[in-house]
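Just so it is clear: chains get the letters A, B, ... in the order the sequence lines come, proteins before strands, and each one is counted from 1.
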Number of protein chains: 2
Amino acid sequence: MELIQIYECLCDATRLRLLNVLGQGPLCVCHFQEILGEPQVKISKHLAYLRERGLVEVERSGNWMVYELPAKPSRELKANLACLQDCAAENPLFRRDLARLKKLAPKFAGTSPCGCA
Amino acid sequence: MELIQIYECLCDATRLRLLNVLGQGPLCVCHFQEILGEPQVKISKHLAYLRERGLVEVERSGNWMVYELPAKPSRELKANLACLQDCAAENPLFRRDLARLKKLAPKFAGTSPCGCA
DNA sequence: GTTCTATATACTCACAAAGGTATATAGAAC
DNA sequence: GTTCTATATACCTTTGTGAGTATATAGAAC
């Protein structure tokens with residue numbers, strides 16, 4: 001049942017934060033590091049976990065690995081990501097991550113090719 | 001973060017099935033057993049897991065323990081249960097459980113006090 | 001009181017997950 | 001080629017989870 005794999009991905013705070021930020025657009029690992037304030041290995045492993053279960057897709061761009069939400073999400077995934085967005089909008093931690101993303105966006109634009117907006 | 005606890009509950013097939021069936025109304029353990037076709041201890045432990053995290057509530061009625069969804073679910077819980085309902089509607093296993101519930105309802109009505117509809 | 005019924009809990013085992021440290025890899029720059 | 005940078009992976013430890021077997025508990029029936 002694919003639903004389970006989705007929920008497995010959603011039951012960790014770090015992964016929820018990654019997905020929340022990804023809702024704004026593609027991003028590379030080092031930018032996740034800055035936004036979440038978590039070590040590289042932790043970010044990287046959780047992204048691998050999400051990738052193995054089809055919650056994110058990756059593309060290499062030079063040295064950078066650019067992660068994004070699936071281009072064609074399943075019905076279940078779409079529903080759950082929408083639900084997460086909805087819940088995240090009221091949550092301080094999630095909001096703080098998005099605020100940081102917004103603040104760092106100009107800096108990112110100059111230092112990487114992933115077009116972080 | 002309460003969201004995490006919700007997702008922890010949702011990342012197991014048995015618990016998803018329990019919650020799906022509970023969407024139709026309160027039910028006691030032995031009826032879950034019949035509907036899911038799983039052993040008592042398994043049902044009972046997963047219900048305890050759900051209860052500890054506030055996803056279900058219990059009330060004793062004689063020998064029976066009647067479980068139901070929270071009377072006043074949080075915003076997050078409400079959103080996620082709705083999402084689950086939505087996804088479950090398209091899933092064969094979930095549909096089968098609901099079909100069994102419907103089929104067994106008359107029998108339940110005669111043998112227990114939980115008013116399983 | 002004893003017995004029965006419905007349910008919960010304790011205990012075990014196997015396994016997955018999360019975090020940290022150290023190291024490997026792939027591509028870019030030189 | 002060497003070096004640097006970004007990212008991934010291996011390994012280890014701790015903790016949590018799921019399932020099963022056996023046993024305990026609480027109330028009902030007698």
Side-chain angles (χ1 to χ4, degrees), chain A residues 1 4-19 22 26-53 55-68 104 107-108 110-116, chain B residues 1 4-19 22 26-53 55-68 104 107-108 110-116:
Chain A
M1 191 181 332
I4 302 280
Q5 297 206 312
I6 294 175
Y7 289 129
E8 282 173 354
C9 289
L10 299 181
C11 68
D12 174 272
T14 304
R15 290 194 292 265
L16 283 184
R17 294 173 72 193
L18 292 173
L19 290 169
L22 274 178
L27 217 58
C28 58
V29 179
C30 56
H31 294 167
F32 281 119
Q33 277 179 252
E34 275 203 77
I35 292 169
L36 303 202
E38 298 280 359
Q40 180 261 324
V41 62
K42 186 168 172 180
I43 301 281
S44 202
K45 281 199 289 188
H46 281 297
L47 284 169
Y49 189 104
L50 292 171
R51 183 163 39 81
E52 286 160 11
R53 286 160 183 77
L55 279 266
V56 302
E57 294 170 349
V58 208
E59 198 178 351
R60 176 178 285 275
S61 168
N63 269 340
W64 291 270
M65 301 296 277
V66 181
Y67 285 81
E68 59 186 332
L104 293 171
K107 180 179 166 203
F108 290 169
T111 61
S112 90
C114 50
C116 326
Chain B
M1 194 181 329
I4 301 279
Q5 297 206 312
I6 294 175
Y7 288 130
E8 281 174 353
C9 288
L10 298 180
C11 68
D12 174 89
T14 304
R15 289 195 292 266
L16 284 184
R17 294 172 72 193
L18 293 173
L19 290 169
L22 274 177
L27 216 59
C28 58
V29 180
C30 56
H31 294 166
F32 282 120
Q33 277 179 252
E34 275 204 76
I35 293 169
L36 303 202
E38 299 280 358
Q40 180 261 323
V41 62
K42 186 168 171 180
I43 302 282
S44 202
K45 281 199 290 188
H46 281 297
L47 285 170
Y49 188 103
L50 291 171
R51 183 163 39 80
E52 287 160 11
R53 286 159 183 79
L55 277 268
V56 302
E57 294 170 349
V58 209
E59 198 177 353
R60 178 177 286 275
S61 168
N63 270 338
W64 291 270
M65 300 295 278
V66 181
Y67 286 82
E68 60 186 332
L104 293 171
K107 180 181 164 201
F108 290 170
T111 62
S112 90
C114 51
C116 328

Please report, rounded to the nearest Å, how far the [atom2] atom of [N] is from the [atom1] atom of [X].
X: A/Phe32; N: D/dT7; atom1: CZ; atom2: P; result: 10 Å
X: A/Gln33; N: D/dT7; atom1: CD; atom2: P; result: 7 Å
X: A/Leu16; N: C/dA18; atom1: CG; atom2: P; result: 11 Å
X: B/Tyr67; N: C/dA6; atom1: OH; atom2: P; result: 15 Å
X: A/Leu47; N: C/dG19; atom1: CG; atom2: C1'; result: 16 Å
X: B/Glu34; N: C/dT7; atom1: CD; atom2: C1'; result: 15 Å
X: A/Gln5; N: C/dA17; atom1: CD; atom2: P; result: 10 Å

When rounded to the nearest 0.5 angstrom, what distance separates [atom1] in [X] from [atom2] in [Y]?
X: A/Leu104; Y: A/Ile35; atom1: CG; atom2: CD1; answer: 6.0 Å
X: B/Leu36; Y: B/Thr14; atom1: CG; atom2: OG1; answer: 7.0 Å
X: B/Leu18; Y: B/Phe32; atom1: CG; atom2: CZ; answer: 5.5 Å
X: B/Ile6; Y: A/Cys11; atom1: CD1; atom2: SG; answer: 12.5 Å
X: B/Glu59; Y: B/Cys28; atom1: CD; atom2: SG; answer: 12.5 Å

Show the atom names and distances, to 0.1 Å, of all donor-acceptor pairs under 3.5 Å that link a side chain in residues 44-51 of chain B to residues at least two apart or in another chain.
unit_1: B/His46; atom_1: ND1; unit_2: B/Arg15; atom_2: NH1; d: 3.1

Between the side chain of A/Arg53 and the main-chain N/O of A/Glu8, is any donor-acceptor distance below 3.5 Å?
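A pair under 3.5 Å: no.
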Non-hydrogen side-chain atoms of A/Leu10 and A/Tyr7 separated by less than 4.5 Å:
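Yes, side chains in contact.
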Check: B/Leu19 and B/Val56 side chains under 4.5 Å, non-hydrogen atoms:
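The answer is yes; the side chains approach within 4.5 Å.
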Which of the following nucleotides, C/dT7, D/dA8, D/dA6, is nearest to the side chain of A/Trp64?
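The answer is D/dA6, which lies nearest to the side chain.
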Heavy atoms under 4.0 Å is the rule here; annotate nucleotides 24-30 of chain D 5' to 3' with B where the base is hit, S where only the sugar-phosphate is, and - elsewhere.
--BBS--
Once base and sugar-phosphate atoms are separated, protein heavy atoms under 4.0 Å mark nucleotides 12-22 of chain D, 5' to 3', with B, S and - as -----SSBBB-
Non-neighbouring partners of A/Glu68 that pass side-chain hydrogen bond (donor to acceptor under 3.5 Å, both in side chains), sequence neighbours left out:
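A/Glu68: no side-chain hydrogen bond (donor to acceptor under 3.5 Å, both in side chains) contacts found.
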What residues, two or more places apart in sequence or in another chain, satisfy side-chain hydrogen bond (donor to acceptor under 3.5 Å, both in side chains) together with B/Glu38?
B/Lys42
If you write DNA chain C from 5' to 3' in dot-bracket form, with Watson-Crick or G-U pairs under 3.5 Å, [ ] for crossing pairs and | for pairs with another strand, what do you get?
||||||||||||||||||||||||||||||
Side-chain N or O of B/Ser44 versus OP1/OP2 of C/dT7: is the shortest distance under 4.0 Å?
no
